[in-house]
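This report concerns only the one structure given below.
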Amino acid sequence: MLLLVPSILLISTVLSQDIPEYGPISANFDAWLDRNGYGKYDYARLDLGTAGSFGGMSSDMEYFDTSKDPVIFFHGNSDAALTANNFSTGWTTTVQYFLNQGYTLGHLYGTSWGNTNTTAAVERDHDCVTVFRLRKFVEAVMDYTGAKQINIISHSMGVTLARKVILGGYINADDGSCNIGKPLGNKVRVILGIAGANFGLCACVGHWLGVTWPTCNDDNGLWPGETCYPNPMNGQCAASPLPSPCNGLTYSKFLMDLNNSRFKPAQHIFSMWSMEDELIDLRRMSRKFGDDLIGDGNMVWGRPTSEIPFSDSNKIYKNYTHMETKLNTAADQFHIITQLTIP
């Protein structure tokens, strides 16, 4: 999730209704990870219980249906792989839908990154440890299954994390500089980005006003740039249409590297977002709950921030909140992955 307000209390109590438990990762997959040098990355995430991870075959005897490419899921800031509480809802709904359509947990994989502490969301960015760990997870799934290609479904900050995992290359972050590896190239069949911030967040404008949270930093964060050269348009980041042409904009180096790359992240690229995904006003801090997180009609300096560059097609919803674009669209996600079209 792209949650940026530490002073707002977001309820994180455990849901009372029965929730299907698809995690953690299978014992077979966990043992394979240990044997093959991946154990140090703690992909099971048992600190989150059954919500920390999912995926894997039940035994070495289980048949892996090669007609289906594995799907790897990337959640957002303060979320989890599966439902952990009534804010961190994970991918439970989508996993259940895929299973009902004939997939198995041998084809569906996810691990948690970060934690579900919403008050710490503003401290998270695209750091070396997180991105490198997720890259190794993708490599592990491909090695474990023997798959030649994978599909990726991502939500919120998970979109830009997934894109960097695919692109590889260098990151400069507070935890150091690192090389994530070579681009995955044609190994990614589909990437679906749901409610991401590919061009940053207008809520992160205002460095001169003291908006300096790590999530908004201008190196590996979600800073959208302050104005559009050569026309000073301070305060109009979300204006649509912009009153003047927007050229030469400098924004987060991490995001610029992603968006200006000559490497296409997948053979097929799809983006989804909602027009009602409204980010909390960081300066007024007037809302209680962070359901609506992108904001401003999805526009950042004249561009829909949730559109991954070179997308084959986009699906735009009218009335979903930030979380609902993930929770209420499992059928659409399945259709995109299997049919390579927007429903």
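Below, all heavy atoms of this structure are taken into account, side chains as well, without hydrogens, waters or symmetry copies. Here the structure is a predicted model, which is why all the values come from computation and not from measurement. Counting begins at 1 with the first residue of the sequence.
No continuous path of ILVMFWY side-chain contacts below 4.5 Å connects Leu48 to Ile25, so the two sit in separate hydrophobic clusters. Under a hydrophobic clustering in which Ile, Leu, Val, Met, Phe, Trp and Tyr are joined whenever their side-chain heavy atoms come within less than 4.5 Å, directly or via other members, Val129 and Val131 fall into different clusters.
In this structure, Phe73 has its ring center at least 6.0 angstrom away from the ring center of His155. The aromatic ring centroids of Tyr38 and Trp32 lie less than 6.0 Å from each other. Ring centers of Tyr43 and Phe137: under 6.0 Å apart, within the cut-off. Ring-centre distance between Phe29 and Tyr109: below the 6.0 Å cut-off. His75 and Trp113 have their aromatic ring centers within a separation under 6.0 angstrom. A centroid separation of less than 6.0 Å is found between the aromatic rings of Phe334 and Phe98.
Looking only at side-chain heavy atoms (C-beta outward), Pro24 and Leu46 come within less than 4.5 Å of each other. Contact annotation: the side chain of Trp91 never approaches that of Phe74 to less than 4.5 Å [non-hydrogen atoms, C-beta and beyond].
For the atom pair Trp301 CH2 and Cys202 SG, the distance stands at 7.0 Å (nearest 0.5 Å).
The 12-atom threshold is exceeded at NZ of Lys264, counting heavy atoms of other residues, nucleotides or ligands nearer than 6.0 Å. Taking a 6.0 Å sphere around OH of Tyr170, one finds it holds 12 or fewer heavy atoms contributed by other residues, nucleotides or ligands.
Ring pair His268/Phe270 is parallel by interplanar angle, where below 30° counts as parallel and above 60° as perpendicular. Classified by interplanar angle (parallel below 30°, tilted 30° to 60°, perpendicular above 60°), the ring pair Phe254/His126 is parallel. The aromatic rings of Tyr251 and Phe199 are tilted relative to each other, their planes meeting at an angle between 30° and 60°.
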Point to revise | Intermediate values then yes/no, salt bridge (Lys or Arg N to Asp or Glu O under 4.0 Å), Asp257 and Lys164 | key: CA-CA 9 Å; Asp257 288 346; Lys164 187 60 179 177; 5.4 Å; no

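Ion pairing between Arg135 and Glu139 holds under the 4.0 Å rule for side-chain N and carboxylate O.
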